[in-house]
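Here's a structure for you.
Atoms within each ligand, like the ligands themselves, are counted from 1 in listed order.
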Amino acid sequence: MILDIGFETMPREDLEAIILRRLKATIDRVYANVPFYRKKFDENHITPNDIQSLEDLKRIPFTKKEDLRDNYPFGMFAVPMDNVVRIHASSGTTGKPTVVGYTARDINTWAELMARSLAAGGATRGDMIHNAYGYGLFTGGLGIHYGAEKLGASVIPVSGGNTKRQVVIMTDFGPTILTATPSYALHLSEVAEEVGVSFENLKFKFGIFGAEPWSEKMREEIERKLNLTAVDIYGLSEVMGPGVAIECHEAKKGLHIFEDHFIPEIIDPQTGEVLPYGETGELVFTTITKEAFPVIRYRTRDITSLNPEPCICGRTHIRMNRVSGRTDDMLIIRGVNVFPSQIESVLMEMDEVEPYYQLVVDRKDNLDTLTVLVEVGERLFSDEVRHLQDRERKIAKNIKDYLGVSAKVKLVEPKVIARSQGKAVRVIDNREI
Ligand code: DLL
């Protein structure tokens, strides 16, 4: 369902006029209120007046995660703290968290965008939403929550964890939409099975999954195990939280970016050159309606491409393809670039391999080693050792053939790899940097 026909199906020309107007207003505001941006503009001899077209945006330097760290915690805010009504933070793997703030109007914009996202993903006001994204500093739980209420659906704020109780709630309340990370959704199905509950008997129609990379094969697996239609939702705290882009359930082919609020670009991560539609590179966002924490040309480190083709759902907003990984997730194993998602695709091609895996990287005698731990089904695991070894060799061969990197594959018993309540931990890198 399209919640906001006006903006979402607007002819490109009209949409672009609105985008430009909003961009200019944002540039004026950051120049006036955020010393970091004013300094950047001045150093590059740019004034807000120089930005007269969408093309002119390219003249402005990028903003990086380090810039946010340097201005920790509130230095990038464009409004006085009096006007900030909510603060979130993303943990990050190193150093201080990234802190983001929202005015009352920002919270309202976010709720509207999340309501539009949920509608695109198949939800209506008659639905009951089982929201298993974590509530707290992470934007997932509260982001979905406010959107669900704005849509008029009933939301169960169950958050992550206490999985057995979640299964009881799913059985007794009969929710129709599941929102969770894809890895936690799979874990829910696993625990349901353990306690003898079949998703066949639950009422779920759609699942809205994101916050971590997942493959097309993983989607098939989730749809089969959870007996629902799975759509991909994308977002990041620095840009807003969930609801920056989402797949429509009609096509399930790329995520529509809410261009009336965010301008996407794809750049070559090495050179910073802006790449044409269709080419793969790093995704960059400029927010054009946010008040408390606007970002200009923010480098997300997420790798994807943009697709401007019209969509069967009628939306005119551009689509981004599934995020295949992050520039900082890329492992370099003996000189070969490897993304966890590529390994996932190879694993998911194999029968009887479960979608639980972990990559362990080590360095022995100055040589990188990659070990892929992957769970197999009960039946295979109880097979003879010889069969398991054959299977390990076959997977290692496929990884070598597809990715050009040698890996040691270790099939492990079901349920050995730690389950996460939020984002799955796919890589353990033990190398000293
Ligand atoms: O993960 C926001 C979110 C919550 C999105 C719930 C979707 C659902 P952060 O914690 O700041 O925000 O992490 C943002 O997660 O830069 C991507 O690397 C990754 N990510 C988010 N959605 C997807 C997705 C939330 N659908 C970072 N596919 C982003 C792949 C995703 N990666």
I233, any N or O under 3.5 Å of ligand 1 N or O: yes
Report yes or no: is the cationic atom of R426 (NZ for Lys, CZ for Arg) under 6.0 Å from the centre of the six-membered ring of Y357, at an angle within 45° of the ring normal? yes
Between R315 and E8, does any NZ, NE, NH1 or NH2 come within less than 4.0 Å of an OD or OE carboxylate oxygen?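 Looking at E8 and R315, the cut-off is met.
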Any N or O of S90 that comes nearer than 3.5 Å to an N or O of ligand 1? no
Atom indices of ligand 1 within 4.0 angstrom of F138 heavy atoms, with elements: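 Atoms satisfying the 4.0 Å criterion: 1 (O), 4 (C), 10 (O), 25 (C).
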For the pair R224 and E221, find out whether any cationic side-chain nitrogen is under 4.0 Å from an anionic carboxylate oxygen. yes
At less than 4.0 angstrom from any non-hydrogen atom of T139, what atoms of ligand 1 do you find? 2 (C), 12 (O)
Which of the numbered atoms in ligand 1 are under 4.0 angstrom from any heavy atom belonging to P242?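 What qualifies from ligand 1 is 2 (C), 3 (C), 4 (C), 5 (C), 6 (C), 7 (C), 8 (C).
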Measure the distances from the heavy atoms of K423 to every atom of ligand 1 and state whether one is below 4.0 angstrom. yes
Go through ligand 1 atom by atom and flag the ones less than 4.0 Å from a non-hydrogen atom of G140.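 Ligand 1 atoms under the 4.0 Å threshold to G140: 4 (C), 6 (C).
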Just to confirm my output: which protein heavy-atom neighbour is closest to atom 11 (O) of ligand 1, and how far is it? S237 OG, 2.5 Å
Which residue and atom name correspond to the protein heavy atom nearest atom 25 (C) of ligand 1, and how close is it?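 Minimum-distance protein heavy atom for atom 25 (C) of ligand 1 reads G235 O, 3.6 Å.
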Under 3.5 Å, is there a donor-acceptor pair linking the side chains of D106 and T103?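 Indeed, the side chains of D106 and T103 share at least one donor-acceptor pair under 3.5 Å.
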Quick one: do K225 and E193 make a salt bridge, cutoff under 4.0 Å? no
I'd like to check which ligand 1 atoms, numbered from 1 as shown, lie under 4.0 Å from a non-hydrogen atom of G210. 7 (C), 8 (C), 26 (N)
Short N-O contact, E238 and R301, less than 4.0 angstrom: no
K65 and T98: side-chain donor and acceptor closer than 3.5 Å? yes
Under 4.0 Å from any heavy atom of Y133, which atoms of ligand 1 are there?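 Heavy-atom distances to Y133 below 4.0 Å select 6 (C), 8 (C).
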With respect to E212, determine whether any N or O atom, backbone or side chain, lies less than 3.5 Å from an N or O atom of ligand 1.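 The answer is yes, given that E212 and ligand 1 share an N or O pair closer than 3.5 Å.
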Quick one: does ligand 1 sit under 4.0 Å from the side chain of D302, the backbone, both or neither, non-hydrogen atoms only? side chain
Backbone or side-chain N or O of A211 under 3.5 Å from ligand 1 N or O: yes
Look at R219 together with E216 and state whether they make a salt bridge at an N to O cut-off of under 4.0 Å. yes
Can we call the ring centroids of H130 and F173 under 6.0 Å apart?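 Here the rings of F173 and H130 have centres that are no less than 6.0 Å from each other.
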